[in-house]
There are 2 protein chains.
Amino acid sequence: MSRTPLHPTREQIELPMVLDCLSDPIRLAIVYQLAQQERVSNELRCGDFNGLAGKSNLAYHFAKLRECGLMQTRIVGTSRLMRLRREDLDARFPGLLDAVINSAAKDADRLQPLSACDVVEAD
Amino acid sequence: MSRTPLHPTREQIELPMVLDCLSDPIRLAIVYQLAQQERVSNELRCGDFNGLAGKSNLAYHFAKLRECGLMQTRIVGTSRLMRLRREDLDARFPGLLDAVINSAAKDADRLQPLSACDVVEAD
DNA sequence: CCCTATGTTCAATGTTTATTGAACTATTGA
DNA sequence: TCAATAGTTCAATAAACATTGAACATAGGG
């Protein structure tokens, strides 16, 4: 089922849901990593976040991030590629995403899962 | 007890707690109203929010807003005056508060308790 | 066709959260 | 001193949330 996960349209993205999504340290770390990647390939695989939590827990957080409109997933072969929905978010809530990401960067050493981000390499 | 409610210091304000606090529609409406008031008296009484929820429920949300560093309360006679901790928030998370408030203003008609804000007058 | 790698879904658990009304505290004013 | 006003605290409840492991689905490589 759910060959292509459903995402809200731009207009369906709601502020409280976005803030709630970003308030979880693990999801904040995911968004942060996706933002770092924006200058490079724009996309990351689920497996790139294995350092943050167990697989099923990550899938749960991915679903929330998708449902609230923060990121988009597309399926390529056996893996999922995800990217931030920056254009939609910037259109709906100008400056919000950058403020959150910059704040997270400033506090990187305090935010637990985020400070563990350097250790993305597994095995 | 708690003659003067305890507030975190500027440095103790944490990003996830702030985002979580702002993700609740009632608390977002409170912060929004406080922000509107910034150009005027800077402070509002608890009673000014009676349109948003019951008294005890409001007290619960006020406590959360205080504990996460979003607002400050001082006691004057029989009432409490509360204001946004804008300087601290802007110092810790530049641009965040404004982005949230502007986004809330844009979506004012969608955010339930916020659109009921005009009806602050009670009796 | 089977095996492996990548993720998701499901069920179960324990925790946190929002909401309510009743009881309580403290201050003001008659 | 008594009553009214302004808010908080407490206990109880129901809903939402995060986390875990096991089972499942899908694609690709031998």
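Naming convention: chains lettered A, B, ... in sequence-line order (proteins, then strands); numbering from 1 in each chain.
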Nearest to the side chain of B:Arg66, heavy atoms from C-beta on, is which of D:dG7, D:dT8, C:dG7?
D:dT8
Value in whole Å for how far the P atom of C:dT8 lies from CZ of A:Phe49
11 Å
Can you list the other members of the hydrophobic cluster that holds A:Val76, where links are side-chain heavy atoms under 4.5 angstrom apart?
A:Leu81
Nucleotide nearest A:Ala59 (side chain, heavy atoms from C-beta), chosen from C:dG7, C:dT9, D:dG7:
C:dT9
Grab the CZ-C1' distance between B:Arg74 and D:dT8 for me, whole Å please.
19 Å
Shorter than 3.5 Å, N or O on both sides, protein versus nucleotides 20-22 of chain C: list them out with atom names.
{"residue": "C:dG21", "atom": "N7", "partner": "B:Ser56", "partner atom": "OG", "Å": "3.3"}
{"residue": "C:dG21", "atom": "O6", "partner": "B:Ser56", "partner atom": "OG", "Å": "3.2"}

Output for pair (A:Leu34 CG, A:Leu70 CG), nearest 0.5 Å, gives 9.5 Å
Which is more 5' along DNA chain D, the nucleotide nearest A:Arg27 or the one nearest A:Val76? Just name the residue.
A:Arg27
Applied to residues 91-105 of chain B, the side-chain hydrogen bond (donor to acceptor under 3.5 Å, both in side chains) test, sequence neighbours excluded, yields A:Asp107-B:Arg92, B:Arg86-B:Asp98
Atom pair distance, as rounded to whole Å: CG in A:Leu52 and C1' in C:dG7
16 Å
In whole angstrom, what separates A:Leu81's CG from C:dT8's P?
12 Å
Taking CZ from B:Arg80 and C1' from D:dT9, how many angstroms apart are they, rounded to a whole number?
11 Å
Verify the contact: side-chain N or O of A:Arg45 to OP1 or OP2 of C:dA5, cut-off strictly under 4.0 Å; return yes or no.
no
For residues 13-25 of chain B, pull every pair meeting salt bridge (charged side-chain N to carboxylate O under 4.0 Å, His left out), keeping only residues two or more places apart or in separate chains.
A:Arg110-B:Glu14
Other members of the hydrophobic cluster containing A:Val40, with the 4.5 Å side-chain heavy-atom rule, please.
none
Measure from CD on A:Glu43 to C1' on C:dG7 and round the result to the nearest Å.
16 Å
Test item: A:Arg27 and A:Leu22 side chains (from C-beta on) under 4.5 Å apart, heavy atoms:
no
Looking only at C:dG7, C:dT27, D:dG7, the nucleotide nearest the A:Cys46 side chain is C:dG7
Between atom CE in B:Met82 and atom C1' in D:dG7, what is the gap in whole Å?
10 Å
According to ring pair (Phe, Tyr, Trp, His ring centres under 6.0 Å), who are the partners of A:Phe62, at least two apart in sequence or on a separate chain?
A:Phe49
Atom pair distance, as rounded to whole Å: CG in A:Leu65 and C1' in D:dC17:
14 Å
Strictly below 4.0 Å: does A:Lys64 bring a side-chain N or O up to OP1 or OP2 of D:dC17?
yes
Given DNA chain D, 5'-ward residue of the pair B:Ser79 and A:His61, judged by closest heavy atom
B:Ser79
Let's see if you can work this out: which of C:dT8, D:dT8, C:dT17 has an atom nearest to the side-chain heavy atoms of B:Phe62?
D:dT8
